[in-house]
2 protein chains.
Amino acid sequence: MFSNTVKYAIKAVLYLAAYSDESNKIMIKDIANPINVPMAYIAKILQDLSRKNLVSSKRGPKGGFYLSDNNLKGNVHDLIEAVEGDDRISSCLLSLSECNASNPCSLHDLAYKEKQFLMQKLKETTLKTLAQDLKEGKTVLPL
Amino acid sequence: MFSNTVKYAIKAVLYLAAYSDESNKIMIKDIANPINVPMAYIAKILQDLSRKNLVSSKRGPKGGFYLSDNNLKGNVHDLIEAVEGDDRISSCLLSLSECNASNPCSLHDLAYKEKQFLMQKLKETTLKTLAQDLKEGKTVLPL
DNA sequence: ATTATAATATGATAAATATCATATTTAAGA
DNA sequence: TCTTAAATATGATATTTATCATATTATAAT
Ligand code: FES
Ligand code: FES
């Protein structure tokens with residue numbers, strides 16, 4: 001459903017959301033392992049997200065990545081959109097230019113409600129909330 | 001959400017479902033254009049589906065592809081599964097080996113209901129039904 | 001039987017994703 | 001100010017997915 005890049009981005013950001021803050025930055029080498037993503041790859045992804053201001057970073061000694069309070073207010077949908085331009089969920093399942101009821105593809109009726117619900121939730125769920133669940137052990141990050 | 005291969009497969013099969021039958025076979029070159037998929041590519045996909053008995057074919061003059069009455073009873077889910085082994089919808093959004101409530105990933109709670117509904121519908125919707133909608137002009141095939 | 005037609009099998013090329021590697025820049029601390 | 005530690009920028013390689021091309025096999029019609 002998501003590309004590896006998106007999955008990796010979500011995992012890394014949630015890891016940061018749960019275990020970092022401005023006074024507790026985390027280095028690439030300490031992120032890559034716990035979320036089980038190649039170091040150089042997650043570096044590239046986080047650098048991209050940093051450029052787009054979805055995560056915060058500081059270089060040099062004592063530097064690293066972290067989520068600011070502001071970053072924590074972000075939602076999953078924005079994150080997904082940031083790493084892969086188009087939106088694989090809201091777009092038409094069969095690649096019509098627009099997904100809407102007035103010109104529905106063959107799968108539209110069967111899927112649009114679920115797609116809408118999912119989109120809605122991805123937009124309203126903040127990173128902070130998900131991080132909370134993680135810290136409480138209610139959820140896990142793969143591998 | 002789906003790969004091009006899956007989208008192409010669905011489009012081709014629904015086209016056949018709507019406009020072919022045993023006494024009215026359709027050749028590759030007459031399928032590729034209306035569904036707007038590269039000819040050699042859709043050929044490869046249909047050949048694969050034919051091998052797996054999800055579509056029917058006959059070679060030589062007057063040959064071509066078509067859906068038998070039996071093929072028409074197939075559902076979209078089986079089609080998707082046939083062209084891409086793993087199931088992008090039912091599998092865990094963050095790649096846990098199993099998607100289930102007892103060991104949920106961070107996105108599980110927010111998505112599992114919708115994933116289940118979608119899966120359910122993909123399984124219970126037959127090609128015949130979708131073809132009917134197409135023929136009645138209720139739905140369209142992209143491009 | 002021979003010919004023409006259409007799928008089939010197979011392999012080659014191109015484009016997109018994912019992964020790896022490294023030189024450069026910024027900032028902390030001695 | 002010098003050294004060291006970290007992100008940043010950039011590019012190279014590998015893998016997967018998509019696309020293109022063609023020789024082979026089966027079958028209908030003559
Ligand atoms: S038009 Fe295709 S999913 Fe809505
Ligand atoms: S466990 Fe990840 S989606 Fe269910």
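Residue numbering restarts at 1 for every chain, and letters A, B, ... go by the order of the sequence lines.
Residue contacts shown for A/Ile26 are limited to sugar-phosphate atoms, with no base heavy atom under 4.0 Å away. Residue-level contact check: B/Leu46 touches neither bases nor backbone, having no heavy atom under 4.0 Å from any strand. Among the heavy atoms of the strands, none lies under 4.0 Å from A/Ile45.
At distances below 3.5 Å, not a single donor-acceptor pair connects side-chain atoms of A/Asn36 with backbone N or O atoms of A/Pro142.
Atom CD of B/Glu136 sits in a crowded spot, with more than 12 heavy atoms from other residues, nucleotides or ligands closer than 6.0 Å.
Comparing atom distances between the B/Ser3 side chain and each of D/dT19, C/dC20, D/dA18 picks out D/dA18 as nearest.
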With the criterion being N/O to N/O and under 3.5 Å, what pairs connect the protein with nucleotides 14-16 of chain D, and how long is each?
none

Strictly under 3.5 Å: I want the nitrogen or oxygen pairs between protein and nucleotides 28-30 of chain D, one per line.
| unit_1 | atom_1 | unit_2 | atom_2 | d |
| --- | --- | --- | --- | --- |
| D/dA28 | OP1 | B/Lys58 | NZ | 3.3 |

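If you measure from atom NZ of A/Lys25 to atom P of C/dT26, you get 18 Å, rounded to the nearest angstrom.
Note on B/Asp48 versus B/Lys52: salt bridge recorded, some NZ/NE/NH1/NH2 to OD/OE distance being below 4.0 Å. Of the charged side-chain nitrogens involved, none lies within less than 4.0 Å of a carboxylate oxygen, so that B/Asp69 and B/Lys73 do not count as a salt-bridged pair.
Neither OP1 nor OP2 of C/dA18 sits under 4.0 Å from any side-chain N or O of A/Tyr8.
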